[in-house]
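Each remark here refers to the structure printed beneath this line.
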Amino acid sequence: MTRFERPRSVAEAASLLAAGDWALLAGGTDLYPAHVGRPIARPLLDLSRVEGLRGIRRSDSGWTIGATTTWSDVVRAELPPLFDALKAAAREVGGVQIQNAGTVAGNLCNASPAADGTPVLLALGARVVLQSARGERELALDEFVLGSRRTARAADELVVAVRIPARSARARSAFAKLGGRRYLTISISTVAVVVDVDTNGAIVEAGVAVGSCSAVAQRLPALEARLVGVAAGADLAAMLDPADLAPLTPIDDLRGSAAYRRDATATLVRRALREVASS
Ligand SMILES: Cc1cc2nc3c(=O)[nH]c(=O)nc-3n(C[C@H](O)[C@H](O)[C@H](O)COP(=O)(O)OP(=O)(O)OC[C@H]3O[C@@H](n4cnc5c(N)ncnc54)[C@H](O)[C@@H]3O)c2cc1C
């Protein structure tokens, strides 16, 4: 490691980024394990002390999750049922030590196909806010994560926040994860379901997304469309058609075969749908 800087403001971080080729560091729970046994070649820009980047704020247009908000912050935050899926995912990111250090933005920026935050934030319709000395821009999450370990972040940009659009107080969500064991495991499949509901109890908006079954987490648009207009308390699990999983491209690996992943995902989708129907 040649140089280490710990800026105190977004402006300072952006100006350092404009002038050099930095590796960005938040909680380090992805970055450090990726360098076991070899030094980090690039200078390190530690974002953990940048003021104003940590915490979850509510405004009329929705919620803003600051980039250095940790998974433990998410677990502890007072949030409406819309965020139950994000809280459930947060409780399953590694163990408590990992949740104390690991950040929501780090999970997205690392762009692992098995990142637990990505399907939940996709289902929530999240947008990623990027800042550089050139200015700010905002991308839908599916425009930000482009592939395995690949994002649309330019070298001089940092992610400053993730924005979640406002929903009604009746909106709710559920998360289901399958791993080789209960904790500290890389996901075989993850499913997030988000629904917003009108005053008559009918679903007005649905988000369903699956992680670990393609290079990038995928939404299931056919299922989402079919859920709209249905009573939220109905037998939603029965609405899954196996053809809804068409956007997924699971692989065979040591954690599971493609066929097993597809089968398990159908079970997880039904489980998550049952949970939102009963909440
Ligand atoms: C034992 C263990 C268990 C784990 N279990 C899980 C799990 O169950 N589920 C899961 O999803 N993940 C898991 N992880 C991975 C990791 O903890 C999460 O992905 C975490 O959210 C990463 O956040 P971080 O702040 O530590 O990222 P870092 O390691 O600091 O950074 C990760 C990447 O994102 C970049 N980055 C970070 N912040 C920014 C920013 N603001 N702007 C631009 N780029 C940025 C960094 O440059 C780096 O490339 C586990 C890790 C370990 C070590």
Side-chain angles (χ1 to χ4, degrees), residues 71 82-94 107-108 110-126 140-142 144-150 172-195 203 205-228 230 232 234-279:
W71 292 112
L82 171 65
F83 288 95
D84 284 357
L86 193 64
K87 284 190 173 238
R91 283 189 203 95
E92 298 217 24
V93 174
N107 191 251
L108 299 181
N110 191 57
S112 160
D116 287 342
T118 314
V120 183
L121 290 161
L122 264 183
L124 283 166
L141 181 52
D142 62 358
F144 177 72
V145 183
L146 299 177
S148 175
R149 314 280 175 193
R150 218 157 49 81
R172 52 215 203 220
S173 66
F175 174 73
K177 167 170 168 171
L178 176 71
R181 57 181 191 275
R182 189 77 177 88
Y183 290 106
L184 280 173
T185 189
I186 298 175
S187 302
I188 294 169
S189 174
T190 49
V191 171
V193 173
V194 175
V195 293
I203 295 174
E205 186 195 344
V208 183
V210 178
S212 287
C213 287
S214 33
V216 183
Q218 294 292 316
R219 291 179 71 150
L220 303 182
L223 176 59
E224 290 175 350
R226 204 173 318 114
L227 287 168
V228 172
V230 174
D235 182 6
L236 300 184
M239 298 195 61
L240 176 70
D241 178 333
D244 294 335
L245 303 184
L248 308 181
T249 50
I251 55 163
D252 293 311
D253 70 6
L254 73 165
R255 284 174 285 130
S257 66
Y260 173 66
R261 280 195 158 87
R262 219 173 254 289
D263 194 48
T265 301
T267 300
L268 295 183
V269 173
R270 290 192 192 99
R271 201 174 285 170
L273 286 169
R274 230 172 262 129
E275 196 178 321
V276 291
S278 66
S279 56

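None of these values were measured; they are calculated from a predicted model.
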(message) Minimum heavy-atom separation for L122 and L141, please, with both atom names.
(response) N-CD2, 3.5 Å
(message) Tell me whether D252 contacts the main-chain N or O of A258 through its side chain, where contact means a donor paired with an acceptor under 3.5 Å.
(response) yes
(message) Is any side-chain heavy atom of K177 closer than 4.5 Å to one of T190?
(response) yes
(request) Decide yes or no for L108 and T118: does some side-chain heavy atom of the first lie under 4.5 Å from some side-chain heavy atom of the second? (result) yes
(request) Measure from the side-chain N and O atoms of R150 to the backbone N and O of A111, and report whether any donor-acceptor pair falls under 3.5 Å. (result) no
(request) Can you see which heavy atom on I251 is nearest to which on R261, and at what distance? (result) O-NH1, 2.8 Å
(request) Could you check if a side-chain atom of E205 sits within less than 4.5 angstrom of a side-chain atom of V195, using non-hydrogen atoms only? (result) no
(request) Inspect the surroundings of CZ in R226 and state if more than 12 heavy atoms from other residues, nucleotides or ligands are less than 6.0 Å away. (result) yes
(request) Start with the C-alpha gap between L178 and Y260, add the side-chain angles, then the distance that decides, and say whether side-chain contact (heavy atoms from CB on, under 4.5 Å) holds. (result) CA-CA 11 Å; L178 176 71; Y260 173 66; 3.4 Å; yes
(request) Please confirm whether the backbone N or O of A123 pairs with a side-chain atom of R219, one donor and one acceptor, at under 3.5 Å? (result) no
(request) Grab the two heavy atoms, one from S189 and one from L268, that are nearest each other, plus how far apart they are. (result) O-CD1, 3.4 Å
(request) Locate the shortest heavy-atom distance separating V230 from A234; write the atom from each residue and the value. (result) CG1-CB, 4.1 Å
(request) Look at the side chain of S212 and the backbone N and O of S187, then say whether any donor-acceptor pair between them is shorter than 3.5 Å. (result) yes
(request) Assess whether side-chain contact (heavy atoms from CB on, under 4.5 Å) is satisfied between L220 and L245, documenting all intermediate values. (result) CA-CA 7 Å; L220 303 182; L245 303 184; 3.7 Å; yes
(request) Measure the spacing between CZ of R271 and CD of E275 and express it to the nearest 0.5 Å. (result) 10.0 Å
(message) Given 3.5 Å as the limit, does a donor-acceptor pair link the side chain of D244 with the main chain of D241, or not?
(response) yes
(request) Indicate the atoms forming the closest heavy-atom contact of P119 with A209, along with that distance. (result) O-CB, 3.3 Å
(message) Test your reading of the model: is there a side-chain donor-acceptor pair from D253 to the backbone of G256, 3.5 Å cut-off?
(response) yes
(message) Taking L82's backbone N and O only, do any of them form a donor-acceptor pair with S173's side chain (distance below 3.5 Å, no angle check)?
(response) yes
(message) Rounded to the nearest 0.5 Å, what separates atom CZ in R255 from atom CD1 in I188?
(response) 7.0 Å
(message) Could you walk me through whether M239 and L273 satisfy the side-chain contact (heavy atoms from CB on, under 4.5 Å) test, starting with their C-alpha distance in whole Å, then the side-chain angles of each, then the deciding distance to 0.1 Å, before giving a yes or no?
(response) CA-CA 9 Å; M239 298 195 61; L273 286 169; 5.5 Å; no
(message) With a 3.5 Å distance limit and no angle check, can you tell me whether R262 reaches the backbone of P250 through a side-chain donor-acceptor pair?
(response) no
(request) With the side chain counted from C-beta on, respond yes when L236 and I203 share a heavy-atom pair under 4.5 Å apart, and no when they do not. (result) yes
(request) Could you check if a side-chain atom of W71 sits within less than 4.5 angstrom of a side-chain atom of L86, using non-hydrogen atoms only? (result) yes
(request) Decide yes or no for P221 and P247: does some side-chain heavy atom of the first lie under 4.5 Å from some side-chain heavy atom of the second? (result) yes
(request) Under the side-chain contact (heavy atoms from CB on, under 4.5 Å) rule, what do V208 and L227 come out as? Steps first, then yes or no, please. (result) CA-CA 10 Å; V208 183; L227 287 168; 4.0 Å; yes
(request) Return the minimal non-hydrogen interatomic distance between F175 and V120, and the atom names on each side. (result) CD1-CG2, 3.6 Å
